[in-house]
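Just so you know, residue 1 is the first one in the sequence shown, and it goes up from there. Remember, it's a predicted structure, so these values are computed and weren't measured experimentally.
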Amino acid sequence: MDRVIRIGMLGCGTVGGGIVQILHREADDITVRTGAKLEVTRIAVRDLSRSRGLPVPDEVYTDDPAAVVAADDVDVVVEVMGGIDPAGALIRRALELGKPVVTANKELVAQQGPELYASAKAAGVDLAYEAAVAGAIPIIKPLKESLAGDRVRRVVGILNGTTNYILTRMTEEGASYEDVLADAQALGYAEADPTADVGGHDAAAKCAILASLAFDTSVHGDDVHREGIENVTATDIRTADRLGYVIKLIGIASEVDDQVAVRVHPAFLPKEHPLAAVRDAFNAVYVEAEAAGELMFYGRGAGAEPTGSAVVGDIIDVSRNLLQTARGAHESHHRAKPIRPIQDLTTQYYVLLDVADRSGVLAEVATTFGDHDVSIAQVWQEGSSETAQLVLITHRAREGDLQATVDALKALPHVRNVASVLRVEAEVFAQ
Ligand code: NAP
Ligand code: HSE
């Protein structure tokens, strides 16, 4: 094979290392599948003094990412440095120079997707980002290509490996949040700033990308209603378990009344729910489409080689197109749907209250729910003497009404604390 496609990488940390290893290990088959040899000619990193132990010559490393983008011996740019600046400007420059770009950067795609797609279109080259959502799982291509003839109704996913790993170990081992987060960081699952994971920002960015593709619209990361797992307590996890649920950080995007509803938050899922069985750093994406029906995608959502696999698949894809002077499938925003306010969501809720253990308190609490049109499905009391805990599960209610209920509960003299409020997605596959 005489043709060579030369790859310039921006970043070589967890994901970059995985990419270089896969390209080296699978080189022969990749060459045949691509129709050209893929060669890493340049790699930009921050710290040139660090030995990376990768199968590339030392001369490929530089600390000048702009030089990688501009280099004559770089045909395809792979951005795995992360963040918005300078990654966004570097990608735009690469596209302007007519170089296809592969990125794993969900934060950037969720914030600047439409501008980046426009730059790629203007340059007539590909911008591929399969690894940006759910690591190894092919989900961008299925939404953009395989389901292009169908109408997607809903996408529900466990989209963040770090939080799923943390919640799994808290559930199964009773491990502490801090210890498990440190393990997730050591395993290479967590973002450089792990608050992006635990605060739900990472999952929200992924959910925005999926919603945009699923509904031919443009959902910005900030459009996603977002709550993280920081406030999920051992009591919530134990209570969920006793009631037949597990707590998962989920992303849900759907079309309701010509609006796009898109949210990321921890939720109670019934133990028999397929997403409840997704453990550790695994991710899963459930897609409901008009003609195809229900589809489930499952796999490793983070880590060097799983993410590297998705990036290398994209590199082969854009390289094949480059060899034929073609472009792959592109995004469309033609339906331009407004975002549905979270107050209009209807779902079930779990509410945990610390209350004074006195006669009449339960009646007061029940009246407060009733006054705001929130119907209680189950209630029981735990604890003793001075302070008791009231656990309530509601029927389906409007989020705005539930929020008003919580505000009113906080004002009741015998309610000492609204300890937890979580959504119960008991009917997520049946709504
Ligand atoms: P990482 O381990 O922190 O690696 C980042 C790399 O970029 C490092 O090699 C770093 O250099 C380099 N870098 C950062 N800023 C730079 C700059 N200004 N100039 C030159 N080099 C710079 O991050 P990662 O986990 O591989 O993640 C990379 C991207 O993939 C992120 O967008 C992330 O969201 C995404 N992603 C990650 C995973 C995962 O499992 N980790 C999965 C899917 C997607 P040094 O090595 O010298 O510090
Ligand atoms: N930090 C991310 C996660 C990496 O934990 O899922 C994959 O995007």
Side-chain angles (χ1 to χ4, degrees), residues 1-45 48 50-81 87 90-91 93-105 120 123-132 135-136 138 140-141 144-145 303-330:
M1 197 75 61
D2 293 338
R3 300 286 309 260
V4 177
I5 301 264
R6 298 157 304 176
I7 295 163
M9 291 179 48
L10 308 176
C12 196
T14 303
V15 178
I19 295 166
V20 173
Q21 294 287 11
I22 296 169
L23 285 172
H24 177 73
R25 195 173 64 226
E26 312 298 341
D28 292 346
D29 281 342
I30 287 175
T31 301
V32 176
R33 290 173 191 151
T34 310
K37 187 166 181 280
L38 301 185
E39 190 182 319
V40 177
T41 49
R42 303 208 179 208
I43 300 179
V45 292
L48 277 176
R50 227 177 80 209
S51 165
R52 294 171 195 264
L54 292 170
V56 284
D58 287 346
E59 309 82 74
V60 304
Y61 292 107
T62 170
D63 58 3
D64 184 353
V68 171
V69 168
D72 289 338
D73 63 355
V74 167
D75 304 308
V76 170
V77 171
V78 176
E79 186 276 304
V80 281
M81 68 195 326
L90 292 164
I91 290 178
R93 182 67 191 135
L95 294 170
E96 274 165 23
L97 292 169
K99 300 183 184 191
V101 173
V102 175
T103 178
N105 193 334
V125 293
D126 287 326
L127 170 68
Y129 49 94
E130 185 62 71
I140 301 296
K141 245 188 188 205
K144 209 159 53 164
E145 301 185 31
E305 292 229 349
T307 313
S309 164
V311 174
V312 172
D314 272 352
I315 296 173
I316 294 171
D317 225 13
V318 305
S319 299
R320 284 172 175 155
N321 289 340
L322 192 63
L323 291 170
Q324 295 172 25
T325 343
R327 272 189 87 210
H330 52 85

Out of curiosity, Thr103 OG1 to Asp314 CG, how far, rounded to the nearest 0.5 Å?
9.5 Å

Rounded to the nearest 0.5 Å, the OH atom of Tyr129 sits from the NZ atom of Lys144 at a distance of 4.5 Å

Taking the side chain as everything from C-beta on, heavy atoms only, tell me whether Leu90 gets closer than 4.5 Å to Met81.
yes

Whether Glu26 and Arg33 form a salt bridge (side-chain N of Lys/Arg under 4.0 Å from carboxylate O of Asp/Glu) is what I want to check.
no

Side-chain donor or acceptor of Thr14 paired with backbone N/O of Ala304 under 3.5 Å
no

Please step through side chain to side chain contact (heavy atoms under 4.5 Å, CB included) for the pair Ser319 and Val76, ending with a clear verdict.
CA-CA 7 Å; Ser319 299; Val76 170; 4.1 Å; yes

As a quick check of understanding, evaluate side chain to side chain contact (heavy atoms under 4.5 Å, CB included) for Thr34 and Arg3, giving each step before the final call.
CA-CA 10 Å; Thr34 310; Arg3 300 286 309 260; over 6 Å; no

Is the shortest side-chain heavy-atom distance between Val32 and Ile30 below 4.5 Å?
no

Any chance you could measure Ile22, atom CD1, to Ser309, atom OG, to the nearest 0.5 Å?
5.5 Å

Which of Val318, Leu127, Val69 passes side-chain contact (heavy atoms from CB on, under 4.5 Å) with Val101? It is Leu127

Distance check, rounded to the nearest 0.5 Å: Ile7 atom CD1 versus Arg42 atom CZ?
14.0 Å

Is there side-chain contact between Glu305 and Gln21, with heavy atoms separated by less than 4.5 Å?
yes

Does any part of the side chain of Tyr61, heavy atoms only, come nearer than 4.5 Å to the side chain of Leu54, both counted from C-beta?
yes

Between Val4 and Ala36, which heavy-atom pair has the shortest distance, and what is it?
N-CB, 4.4 Å

Measuring only between side-chain heavy atoms, which start at C-beta, is Pro100 closer than 4.5 Å to Val77?
no

Looking only at heavy atoms, what is the nearest atom pair of Glu145 and Ala329, with distance?
CG-CB, 3.6 Å

Result for side-chain contact (heavy atoms from CB on, under 4.5 Å) between Glu130 and one of Asp317, Ile140, Thr307 points to Ile140

Got Val68 and Leu10 here, is their nearest side-chain heavy-atom distance under 4.5 Å?
yes

Closest non-hydrogen atoms of Gly98 and Val125, given as atom of the first, atom of the second and distance, are O-CG1, 3.3 Å

Looking at every non-hydrogen atom in both residues, tell me the closest pair between Val311 and Ala131 and how far apart they are.
CG2-CB, 3.5 Å

Ile19 and Val80: side chain to side chain contact (heavy atoms under 4.5 Å, CB included), yes or no, with the steps?
CA-CA 10 Å; Ile19 295 166; Val80 281; 3.8 Å; yes

Go through the structure and list residues passing salt bridge (Lys or Arg N to Asp or Glu O under 4.0 Å) with Lys99, not counting sequence neighbours.
none

Test of understanding: with side-chain hydrogen bond (donor to acceptor under 3.5 Å, both in side chains), list the residues that count as partners of Asn321, not counting sequence neighbours.
Asp126

Salt bridge check: are Asp75 and Arg6 linked by an N-O gap of less than 4.0 Å?
yes

Test side chain to side chain contact (heavy atoms under 4.5 Å, CB included) on Ile315 and Leu38; report intermediate values, then the result.
CA-CA 9 Å; Ile315 296 173; Leu38 301 185; 3.8 Å; yes

Going by heavy atoms in the side chains, are Glu39 and Ile5 under 4.5 Å from each other?
no

Scanning both residues in full, the closest heavy-atom pair of Cys12 with Arg52 reads O-NH1, 3.2 Å

Would you check if Leu23 and Val312 make a side-chain contact, meaning some heavy-atom pair closer than 4.5 Å?
yes

